[in-house]
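Here's the structure, in structure tokens; my notes come after.
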Amino acid sequence: MEDHKFAADSLVEEREVLMHPLNGGNPTFRNSHFLKPIFSQDHTHFPSPPSSLLSLKPTSQNLKKLSLNSYKAHPSEKWKIWVHNLKPKYQEIWKQAGIYEAVLASTYKIPRDKDLIFGLAEKWCAETNTFVFPWGEVTITLEDVMILGGYSVLGALYLTPIPDECVGIFDSLEKAYHEIKLVYGKNVSGPMWMEYFMCSGKDLEHEAFLAMWLSRFVLLCSKGNIVMRDFHVAIHLSRGKRIALAPVVLASIYTDMRLARNSVFEFNNLESKVGSSTIFCHSDLVFMWAWERFPELRPTPCVMERTEPRSARWNEVKILEVKDVRAALDSGNESFVWRPYVITSSNCMLSRLYGGNEQWVVVESDDTESLARCFRVSELIGLGYIEQYLPHRVAMQFGLDQDVPPHVIRFNDSPKSAWRSYNRSMRGMKLYIPPRLLESDVSSRYVIWWRGLLPVSEQVVTTCSQKQKHLPLISWGHKRRRAKLLTAPGCVSQRRVDYVVEGGLTVAKEKSPSRKTKSFRNRYGLDDEAVLKTMQLKDLKDDAVVSNTKHALAEVNDVDIKLAKDEVVSKANFPENNIVNIEEKTCDNTDTDTYTLVEERQVAMYSQYGGNPTLRNAHILKPNFNENQNHLPSPPTSRFSSRLTSGKLNNYMLQSIKGYPSVKWKMWVHSLKPKYQEIWKQAGIYEAILASTYEIPRDKELIIGLAERWCAETNTFIFPWGEVTITLEDIMFLGSYSVLGALFLTPLPDDCVGIFDSLKNTYKELRSVTGGSTTAAVWMEYFMFSGKQFEHEAFLAMWLTRFVLVRSNCVMVMKDFHVAVHLSRGNKIALAPVVLASIYTNMKLLHNSMVETISLDSKVPMRFSFCHTDLVQMWVWERFPKLRPTPSVEERKEPRSARWNGVKLFKVRDVRATLDSGKESFI
């Protein structure tokens with residue numbers, strides 16, 4: 001085990017390393033940003049992995065008699081009235097004390113979902129205070145408590161004594177407490193306290209209000225009762241003094257999650273038939289955290305105003321019925337939202353900090369210090385307990401890259417030392433703030449380390465009274481009938497290997513990365529090339545390879561797995577012809593003398609039509625294959641048999657969601673063109689809008705013939721004579737979409753939000769009138785020639801929905817409204833990559849659908865929707881003369897697609913044979 005203390009420099013370390021996408025894909029060598037502390041490369045062993053000690057069998061179904069209670073009650077109507085009565089007078093003080101949003105949030109009713117809490121508790125690791133899922137490690141952070149709860153991470157400790165001049169106020173509150181208790185003869189409940197102070201005009205009403213707010217919604221230690229020890233905190237807050245309530249609340253969540261986990265396992269192991277209960281104070285924050293990040297578990301959120309707290313979107317929502325919560329959590333790899341609070345623009349602190357570009361800032365303001373507190377490892381002082389806060393284990397939740405997290409020394413000997421750990425000065429420290437829409441990755445050694453996790457067998461699961469144990473490093477997985485590659489780097493075991501490597505972090509096959517990694521040392525003493533070799537987990541469908549693998553497994557079952565530099569991977573398991581060296585030059589080098597996109601060298605070149613080679617200066621697009629490798633990479637394949645398949649697809653029906661333009665649409669385009677064409681040109685959509693008035697006929701046989709030759713691994717068509725594809729250049733010329741500009745997900749600036757809201761309100765009005773979805777025809781009828789203020793934005797919204805960001809047939813989509821507003825202001829949006837990605841995806845899905853149809857030999861008609869068939873067909877007509885209809889005569893000022901407007905399809909007897917024989921005629 002390696003223990004870390006803290007350095008006094010920046011919280012983030014920047015270095016160039018090989019990074020892997022969490023959901024699989026090609027690794028890239030780039031500048032990465034890791035949250036400190038970072039595991040040292042000098043150590044020979046990785047730290048022990050976390051474990052939730054889960055049984056392999058489902059436990060959630062055994063917990064029907066385990067009930068969930070909370071000290072935090074739903075707000076009463078009288079409490080809501082009290083909040084709104086005091087808000088006008090004291091809201092500035094609440095903002096100064098950092099509790100304004102938290103007080104408003106106490107008026108919201110967040111429904112409880114017992115199955116969700118227990119499903120999360122099963123995944124809780126008490127040693128690291130994180131949830132351990134098969135696909136990764138996540139947790140509830142100070143950032144979550146700050147945004148969802150509205151609590152401050154800055155301020156004094158909640159145990160801070162009050163100054164002498166405030167002692168009289170404390171005594172008056174204490175006296176009132178004893179008077180109420182004397183009248184009722186028992187504990188002072190919230191309703192009694194509220195009855196005594198609410199709208200009474202007493203001098204201490206504000207302090208009494210805050211005391212009840214703390215006892216009932218924040219510092220929870222009893223159900224419904226006022227607690228005198230909260231009075232001094234209420235007095236501090238009533239004076240506008242900031243108290244760090246976020247660490248107290250988060251410590252309570254961590255403690256309750258551990259207790260809930262112990263209750264789950266104790267109840268499950270004892271197989272009790274008697275009902276039991278567990279208390280969870282801030283279950284509402286846990287629910288909101290899960291709903292923000294797991295779309296499959298998310299109820300339909302409410303529409304919130306920009307000035308409302310984030311928790312307003314979950315006020316009185318209807319719980320989504322999920323059949324198996326545990327399965328939904330375990331399968332959340334691809335859908336988990338790592339950074340939900342920066343996706344949309346708002347008035348919250350994170351929206352002010354996160355911009356379109358990365359930035360290094362000096363911690364000087366409260367906003368930057370709040371974010372820095374969320375980034376830093378510390379101790380959290382709760383109500384009688386101290387919990388450890390380890391954000392470096394979940395760096396991806398902050399938009400940073402993830403490396404192997406080391407163990408951290410505790411400072412929990414006393415509340416004083418724990419508070420020093422949390423409250424260390426951060427002013428003047430450098431802080432890295434990632435871009436708003438950055439997708440972070442994991443390091444190569446993290447991939448190796450994470451594959452060292454194993455689901456615990458039932459024999460290892462212990463009751464809550466027993467001490468947790470760390471497990472040997474073996475990969476997550478399950479038994480399979482057909483053996484695949486078993487061992488991976490980092491799988492050091494003292495037991496037999498019975499599990500297949502199928503971890504949540506999938507390492508994609510190495511294609512042809514464009515940069516060469518600089519050498520670093522990992523715990524096995526391997527350089528980058530060796531690390532890459534250990535990660536090429538090829539899909540072993542070849543019988544000879546499977547045979548070798550089975551032979552290797554028979555030997556592994558009797559010996560321990562040992563890794564050495566010379567025996568990392570056998571050639572049978574990792575064929576060298578799938579590995580490509582990465583080039584020496586890095587992408588971040590902007591010097592044109594040292595880095596270009598094209599390499600010039602003198603080599604022997606062959607004509608694609610045959611003939612003698614010639615030695616000449618050749619210009620080759622990077623990245624290039626390294627000639628020092630002994631084997632070439634494996635060639636692509638479309639995986640179709642050589643026998644004719646098109647004849648079996650006569651019943652296959654191909655549809656396009658992208659409809660033909662109506663006469664009214666053409667009229668709308670031409671009526672707005674004189675007024676807005678300059679804006680369209682500035683936004684790079686002028687020709688694309690004109691192209692939306694063209695009718696490109698559809699050719700099902702052509703699209704299906706192309707799909708047969710599609711290779712999903714390379715996004716290319718594989719013909720007998722070569723490899724070609726649709727490129728960004730094609731989309732730029734044929735579709736007239738821009739390759740430059742902002743991402744289509746870019747949020748709107750504050751001054752444009754009103755336009756978005758107006759479009760949204762109109763959308764809802766039309767939907768209520770029609771009683772269903774708002775169709776494009778209804779939308780056009782409402783706005784066209786209406787002279788309404790937002791006619792231009794509405795026009796662009798319809799153009800996007802019907803012709804560009806095509807999702808549904810003839811139905812308006814609110815998600816496109818913000819893009820329309822951007823374009824109406826002349827802001828350029830990079831639509832070409834979105835359209836090309838849609839074509840690639842549709843081509844892959846169509847290819848797979850055809851393979852399945854042929855293999856099943858189905859006679860039932862099959863339907864498939866393909867969004868941008870017009871672009872695919874125009875690409876073919878431009879390049880295959882034998883498939884080309886007679887083009888129209890186009891004017892010089894018209895888009896390229898005008899030459900295919902209204903053409904008559906050219907009937908070809910055998911499209912596939914024409915494509916396969918297109919070597920000499922292909923343009």
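Scope of the values below: all heavy atoms of this structure, side chains included, with no hydrogens, waters or symmetry mates.
Annotation: side chain of Tyr90 is not in contact with side chain of Val103 (no heavy-atom distance under 4.5 Å). Residues Arg310 and Glu101 fail the side-chain proximity criterion, which asks for heavy atoms closer than 4.5 Å. A heavy-atom distance below 4.5 Å is not found between the side chains of Glu296 and Val322. A 4.5 Å side-chain heavy-atom check between Asn315 and Glu308 finds every atom pair outside the cut-off. Taking the side chain as every heavy atom from C-beta outward, Tyr389 and Thr141 approach each other to under 4.5 Å. Between Tyr432 and Leu400, some side-chain heavy-atom pair lies under the 4.5 Å cut-off.
Applying the salt bridge (Lys or Arg N to Asp or Glu O under 4.0 Å) rule to Arg313 yields the partners Glu292; only residues at least two apart in sequence or on another chain are considered. In this structure, Tyr177 has no ring-ring contact (aromatic ring centres under 6.0 Å, His included) partners at least two apart in sequence or on a different chain. The ring-ring contact (aromatic ring centres under 6.0 Å, His included) test applied to Trp291 returns Phe287, Trp314, not counting sequence neighbours. Scored by the side-chain contact (heavy atoms from CB on, under 4.5 Å) test, Val362 finds Glu364 as partners (sequence neighbours excluded). Checked against ring-ring contact (aromatic ring centres under 6.0 Å, His included), Trp338 has the following partners two or more places apart in sequence or in another chain: Phe336.
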For this session: List the steps, then state whether side chain to side chain contact (heavy atoms under 4.5 Å, CB included) holds for Val286 with Ile117.
Result: CA-CA 8 Å; Val286 180; Ile117 284 287; 3.7 Å; yes

For this session: May I have the step-by-step check of side-chain hydrogen bond (donor to acceptor under 3.5 Å, both in side chains) for Tyr158 and Asp230, ending in yes or no?
Result: CA-CA 9 Å; Tyr158 78 98; Asp230 298 337; over 6 Å; no

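Cation-pi geometry between Lys123 and Phe133 is not met at under 6.0 angstrom from the ring centre and within 45 degrees of the axis.
The six-membered or imidazole ring of Tyr196 lies away from that of Trp193, with a centre-to-centre distance of 6.0 Å or more.
Classified by interplanar angle (parallel below 30°, tilted 30° to 60°, perpendicular above 60°), the ring pair Phe209/Trp79 is parallel.
The shortest heavy-atom contact between Thr255 and Glu387 is OG1-OE2, 2.7 Å.
Lys175 NZ: 12 or fewer foreign heavy atoms inside a 6.0 Å radius. Around atom NZ of Lys416, no more than 12 heavy atoms belonging to other residues, nucleotides or ligands sit under 6.0 Å away.
Sorted by first and then second residue, the pairs that involve residues 197-220 and meet salt bridge (charged side-chain N to carboxylate O under 4.0 Å, His left out), not counting sequence neighbours, are Glu207-Arg239.
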